[in-house]
Amino acid sequence: MADAGEKRIMILGTGGISHRHAEHFTSIPGCRIVAACDVNADRSRTFADMHAIPRSFDNLGKALEWGEFDAVVNSTPDGVHKATTLDILAAGKAVFCEKPLAVNADDAFDMVEAVEKAGVINMVNLTYRNAHAIQMARRLIDAGEIGAVRHVEASYLQSWLTGRHWGDWRVDERWLWRLSSAHGSMGVLGDIGIHIVDFVTYGTGLDIAALQARLKTFDKAEGGAIGGYTLDANDSCAMTVEFTNGALGVIHMSRFATGKANDLDLTIHGELGALKIWSNTTESSLQVCLGADIETQTWRPYDCPPTPRNADRFVIALLSGTNGEPDFRRAAEVQKILDLCFVSDAERRMLPVELPPAD
Ligand SMILES: NC(=O)c1ccc[n+]([C@@H]2O[C@H](COP(=O)([O-])OP(=O)(O)OC[C@H]3O[C@@H](n4cnc5c(N)ncnc54)[C@H](O)[C@@H]3O)[C@@H](O)[C@H]2O)c1
């Protein structure tokens, strides 16, 4: 039984990432997971049993009809986020949506409009905001420690297409859908591009004013398909960007980065100093080159005390009634950058970034 005032959460989509959500939300005071829901009834029931969740549904409509929850963690596949989230918002529930918010910026901004009209708490799980090092880096930048940013290097590199350390993508549907645009995948851009673009722009505190991108889809199977999956989604992306303050940057990402498991690297060079941030799913670190050290290019480790995770901030938002970051609008703005990468690649040119104004 939930305590009065405790926020009741349902987890929608009980696949791979949902187990992490179950662990996080179970550990946060002020909330309780009251239901699980997945179109695969067995998976939903097994998940509910595993995490001691009292109710299990095989259909979102039935769960909404029951309705005894305040918020939904939407961890369905990318292509399912929009339709399910709009139904959840119509029922007046708050949403913590997995990234990417949708499969394109138009859909993402439709979701922004719906959520802002509904006036409910909304956040998107741009996971690497959880990295203590990126939070500390942003504080140092806001405090003027490295002066004006002039140059940025960033990458997000994985290698699940060249190894079997996360399972065999050739036979596992959990990986195959990520390789097929017909299954709602935006390729490496949707998978991890959204994280690194958020990491760079949040970390530097700068928006991207213009970009150029090259995308690559490598041959991976005979005839370019496995079963019903056409392997047409991009695997690697290299971008050059100009920030609103005139700084230049390079951002690249790949699933073919043999030797890298899941690494985000970001170096921010300012006029007075530089910051080097590294993160994976569970750990992060910060090195700094500041003050007199810029003359000798000496880098020193910098202590980063723990900061709240997205899930913590979502519960704080539910309890306080004040929305948390990153919200739907922020995720839609990042999504716009990803959409422009497709256009830039097709047209082989630099494009300006123009975002719809917030009302
Ligand atoms: N933030 C991160 O770092 C991170 C990491 C991994 C995955 N993700 C995101 O999380 C989402 C899920 O990824 P995953 O790897 O867990 O996928 P998955 O395929 O393992 O799980 C998705 C689950 O959703 C269920 N589902 C599909 N349609 C549904 C519907 N209409 N209603 C209810 N359930 C439905 C499927 O049956 C499946 O069990 C994706 O959007 C992915 O991009 C985010």
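These values consider heavy atoms only, across backbone and side chains, with no hydrogens, waters or symmetry-generated copies. In listed order, ligands and their atoms are each counted from 1. It should be emphasised that the depicted structure is a prediction, and the values quoted were computed from it without experimental measurement.
- Look at W177 and you'll find a heavy atom under 4.0 Å from some atom of ligand 1.
- The residues R329 and D327 are annotated as not salt-bridged, no charged nitrogen and carboxylate oxygen being separated by less than 4.0 angstrom.
- A salt bridge is absent between D49 and R45; no separation between the charged side-chain nitrogens and carboxylate oxygens falls under 4.0 Å.
- Using 4.0 Å as the threshold, L60 has no heavy atom nearer than that to any atom of ligand 1.
- Using a 30° and 60° split on the angle between ring planes, H183 and Y229 fall in the parallel class, below 30°.
- Looking at atom 15 (O) of ligand 1, its nearest protein heavy atom turns out to be R178 NH2, 2.6 Å.
- For the residue pair S279/S284, the side-chain donor-acceptor check at 3.5 Å is not satisfied.
- At the top of the distance list for atom 8 (N) of ligand 1, counting protein heavy atoms only, stands E98 OE1, 3.7 Å.
- Residues F199 and Y156 place their aromatic rings such that the two centres sit no closer than 6.0 Å.
- At the shortest separation from atom 12 (C) of ligand 1 among protein heavy atoms lies S75 O, 3.4 Å.
- Distance from atom 11 (C) of ligand 1 to its nearest protein heavy atom, with residue and atom name: T76 O, 3.2 Å.
- Residue-ligand proximity, N125 to ligand 1, at heavy-atom distances under 4.0 Å covers atoms 1 (N).
- A salt bridge is absent between D198 and K99; no separation between the charged side-chain nitrogens and carboxylate oxygens falls under 4.0 Å.
- For ligand 1, one of its N or O atoms has an N or O atom of K99 under 3.5 Å away.
- In the hydrophobic clustering, M123 connects to I9, I11, F25, I28, I33, F47, I53, V73, F96, I121, F314, V315, L318, L319, either directly or through intervening members, whenever side-chain heavy atoms lie under 4.5 Å apart.
- When non-hydrogen atoms are compared, ligand 1 lies under 4.0 Å from the side chain of V80 (C-beta onward) but not from its backbone.
- At the top of the distance list for atom 32 (N) of ligand 1, counting protein heavy atoms only, stands V39 CG1, 3.7 Å.
- Under a 4.0 Å N-O distance rule, the pair D191/R255 qualifies as a salt bridge.
- Heavy-atom contacts of H81 reach the following atoms of ligand 1: 41 (O) (cutoff under 4.0 Å).
- For atom 3 (O) of ligand 1, the closest non-hydrogen atom on the protein side is T127 OG1, 2.7 Å.
- For E173, the heavy-atom gap to ligand 1 stays at 4.0 angstrom or more.
- Set against the non-hydrogen atoms of R43, the atoms of ligand 1 under 4.0 Å away are 36 (C), 37 (O), 38 (C), 39 (O).
- Classification of D312 and R309 as a salt-bridged pair holds, one side-chain N sitting under 4.0 Å from a carboxylate O.
- Look at R150 and E271 and you find a salt bridge, because one of the NZ, NE, NH1 or NH2 atoms lies within 4.0 Å of a carboxylate O, short of that distance.
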Applying ring-ring contact (aromatic ring centres under 6.0 Å, His included), run through W169 and W160 and close with a yes or a no.
CA-CA 8 Å; W169 58 268; W160 55 270; 7.3 Å; no
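- In the vicinity of R174, heavy-atom distances shorter than 4.0 Å reach the ligand 1 atoms 20 (O).
- For atom 25 (C) of ligand 1, the closest non-hydrogen atom on the protein side is D38 OD2, 3.2 Å.
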Show me the donor-acceptor pairs, under 3.5 Å and distance only, between side chains in residues 288-298 and residues at least two apart or in other chains.
| from | atom 1 | to | atom 2 | distance (Å) |
| --- | --- | --- | --- | --- |
| D293 | OD1 | R300 | NH2 | 3.0 |
| D293 | OD2 | R300 | NE | 2.5 |
| D293 | OD2 | R300 | NH2 | 3.4 |
| T296 | OG1 | D293 | O | 3.3 |
| T296 | OG1 | T298 | OG1 | 2.7 |
| Q297 | NE2 | I294 | O | 3.2 |
| Q297 | NE2 | E295 | O | 3.3 |

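- Contact annotation: for H19 versus ligand 1, there are no heavy atoms closer than 4.0 Å.
- Comparing heavy-atom distances from atom 4 (C) of ligand 1 across I17, N59, L126 singles out I17 as nearest.
- Using a cut-off of 4.0 Å between Lys/Arg side-chain N and Asp/Glu carboxylate O, R178 and D78 are scored as not salt-bridged.
- Within the set P77, A83, G61, the minimum heavy-atom distance to atom 27 (C) of ligand 1 is found for P77.
- With ligand atoms numbered from 1 in the order given, ligand 1 contributes 16 (O), 20 (O), 21 (O), 23 (C), 39 (O) to contacts under 4.0 Å with heavy atoms of G15.
- Annotation: atom 41 (O) of ligand 1 to nearest protein heavy atom, D78 OD1, 2.6 Å.
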